[in-house]
Amino acid sequence: MRCQDAPSGQVGLRDRMPWPGTWTDRAGRDRTPSVPGHELSGVVAELGYGTTGLSVGQRVFGLAHWTQDGSLAEYTAVEARNLAPLPADVDHTAAAALPISGLTAWQALFDHGRLTAGQTVLVHGVAGGVGSIAVQLAREAGARVIGTGRAGDRGTAVGLGVDAFVDLQADRLEGVGEVDLVLDVIGGEVQERSAPLVRAGGTLVTIASPPEVRPRDGRAVFFVVEPDRARLADLVQRLRDGRLKPIVGEVRALAEAPAAFAPGRHARGKTIIRVMEGG
């Protein structure tokens with residue numbers, strides 16, 4: 001397919017991109033040099049033999065396999081099952097910000113966290129790609145949401161509709177009380193401090209690292225997001241209805257991609273790399 005926009009979540013050198021699949025294939029063999037980038041939105045340029053469900057010229061969005069990458073290029077090969085149709089009234093920039101963050105948030109909250117109406121969820125990194133979508137999905141499900149972040153994230157958190165905000169640099173995380181679910185995107189000390197907050201029967205879900213601590217009377221789950229065409233279609237419909245809005249930060253040209261991943265750079269929302277204009 002021909003890419004229009006792609007998020008910049010996996011751009012840089014090997015020391016900035018420690019995920020093994022960026023540098024090896026499914027059999028663990030070296031596949032450098034690699035073209036980075038997993039998420040994308042674009043137009044189908046060609047179909048492999050036997051491919052069904054898509055057509056040449058169709059607008060699509062989705063994600064490349066973890067051991068394939070390649071979205072930060074004008075053309076990339078993607079398994080058809082990892083793509084979903086993109087309605088004509090959704091622009092590529094918004095669509096490119098949705099696949100990994102949207103699927104991760106959904107799978108964390110509902111597939112692994114089993115969140116239901118009336119429960120309380122603690123969402124770390126509320127102004128980030130995953131956290132911001134998780135807040136919106138959790139609120140629509142009828143849950144009470146506590147968000148965390150830096151002081152400068154408070155306005156974003158309030159705008160998303162959190163019931164409470166915790167500044168991790170100034171406030172006591174322990175002051176939030178017990179919660180039914182923790183969505184951890186940070187790991188380390190924050191993950192350790194979050195585990196005791198999970199009430200009996202609750203769950204700590206993390207995408208940062210396998211948990212070294214667990215809730216005393218609950219579950220701890222580490223997972224890696226999985227492609228899901230049907231869920232992507234649901235998420236983009238929510239976007240069309242105005243029920244979901246990914247936070248898009250900077251939009252940069254492909255030549256500016258390395259600068260978008262400078263060490264220590266903190267960006268609010270998703271940074272999008274525009275591979276080509278139009279579409």
| task | May I ask whether V43 and L47 are part of the same hydrophobic cluster, defined by side-chain heavy atoms of I, L, V, M, F, W, Y residues being less than 4.5 angstrom apart, directly or through others? | result | no

| field | side chain to side chain donor-acceptor pair (under 3.5 Å) against D184, all qualifying residues, sequence neighbours excluded | value | Q191, T206

| Residue pair R199 / D180, side-chain heavy-atom distance below 4.5 Å | yes

Donor-acceptor pairs under 3.5 angstrom involving side-chain atoms of residues 115-130: please list them, not counting sequence neighbours.
from: Q119; atom 1: OE1; to: T116; atom 2: N; distance (Å): 3.1
from: H124; atom 1: ND1; to: T148; atom 2: OG1; distance (Å): 2.8
from: H124; atom 1: NE2; to: S194; atom 2: OG; distance (Å): 2.8

| Between A220 and P215, what is the shortest heavy-atom contact and its length? | CB-CD, 4.0 Å

| query | salt bridge (charged side-chain N to carboxylate O under 4.0 Å, His left out) with D217: which residues, sequence neighbours excluded? | reply | none

| query | Hey, does the side chain of T104 reach the backbone of V225 with a donor-acceptor pair shorter than 3.5 angstrom? | reply | no

| Residues which pass ring pair (Phe, Tyr, Trp, His ring centres under 6.0 Å) with Y75, listed by chain and number, not counting sequence neighbours | none

| query | Do L40 and L83 have side chains that get closer than 4.5 Å, going by heavy atoms? | reply | yes

| task | Quick one: list whatever passes side-chain contact (heavy atoms from CB on, under 4.5 Å) with V251, sequence neighbours left out. | result | T93, V248, I272, R274

| What are the two closest non-hydrogen atoms of P211 and L204, and how far apart are they? | CB-CD2, 4.5 Å

| Side-chain (E39) to main-chain (I100) donor-acceptor, under 3.5 angstrom | yes

| query | Cluster question for you: counting only ILVMFWY and a side-chain heavy-atom cut-off of under 4.5 Å, with indirect links fine, are V213 and F223 together? | reply | no

| For residues 130-141, which residue pairs qualify under salt bridge (charged side-chain N to carboxylate O under 4.0 Å, His left out), counting only residues two or more places apart or in two chains? | E140-R238, E140-R243

| said: My understanding is that only residues two or more places apart in sequence, or in another chain, count here; which of them pass salt bridge (charged side-chain N to carboxylate O under 4.0 Å, His left out) with R154? | reply: D171

| said: Using only atom types and a distance under 3.5 Å, with no angle test, would you say the side chain of D163 pairs donor to acceptor with the backbone of V145? | reply: yes

| query | Atom CZ of R219 and atom CZ of R214: how far apart are they, to the nearest 0.5 Å? | reply | 10.5 Å

| message | Distance check, rounded to the nearest 0.5 Å: W106 atom CH2 versus D228 atom CG? | response | 10.0 Å

| task | Mind listing the closest non-hydrogen atom pair of T76 and D69 along with its distance? | result | OG1-O, 3.9 Å

| request: Find out whether V60 and V78 are in side-chain contact, i.e. whether some heavy atom of one side chain is under 4.5 Å from a heavy atom of the other. | output: no

| salt bridge (charged side-chain N to carboxylate O under 4.0 Å, His left out) involving E212 - partner list, sequence neighbours excluded | none

| Distance in Å, D167 CG paired with L173 CG, rounded so as to fall on 0.5 Å steps | 11.0 Å

| message | Any non-hydrogen side-chain atom of P246 less than 4.5 Å from a side-chain atom of L239? | response | yes

| Heavy-atom closest pair, residues P227 and L103 | CA-CD1, 4.2 Å

| request: Any chance you could measure S41, atom OG, to R59, atom CZ, to the nearest 0.5 Å? | output: 6.5 Å

| task | For E79, check salt bridge (charged side-chain N to carboxylate O under 4.0 Å, His left out) against everything at least two apart and list the hits. | result | R26, R81

| field | side-chain contact (heavy atoms from CB on, under 4.5 Å) partners for A73, two or more places apart | value | V35

| query | Can you list the residues that meet the side chain to side chain donor-acceptor pair (under 3.5 Å) rule with R193, with sequence neighbours excluded? | reply | E174

| remark: Value for CD (E46) from OG1 (T51), rounded to nearest 0.5 Å, stands at 10.0 Å

| request: Tell me, please, which residues at least two apart from P87 pass side-chain contact (heavy atoms from CB on, under 4.5 Å). | output: D89, V90, V236, R240

| Non-hydrogen atoms of L86 and A95 that approach each other most closely | CD1-CB, 3.5 Å

| message | Between the side chains of D234 and R231, is the shortest nitrogen-to-carboxylate-oxygen separation below 4.0 Å, so that they form an ion pair? | response | yes

| field | Residue pair L244 / L235, side-chain heavy-atom distance below 4.5 Å | value | yes

| query | What's the shortest heavy-atom distance between I133 and A105, and which atoms? | reply | CG2-CB, 3.8 Å

| Between L232 and N82, does a side chain to side chain contact (heavy atoms under 4.5 Å, CB included) hold up when you go through it step by step? | CA-CA 9 Å; L232 282 175; N82 291 1; over 6 Å; no

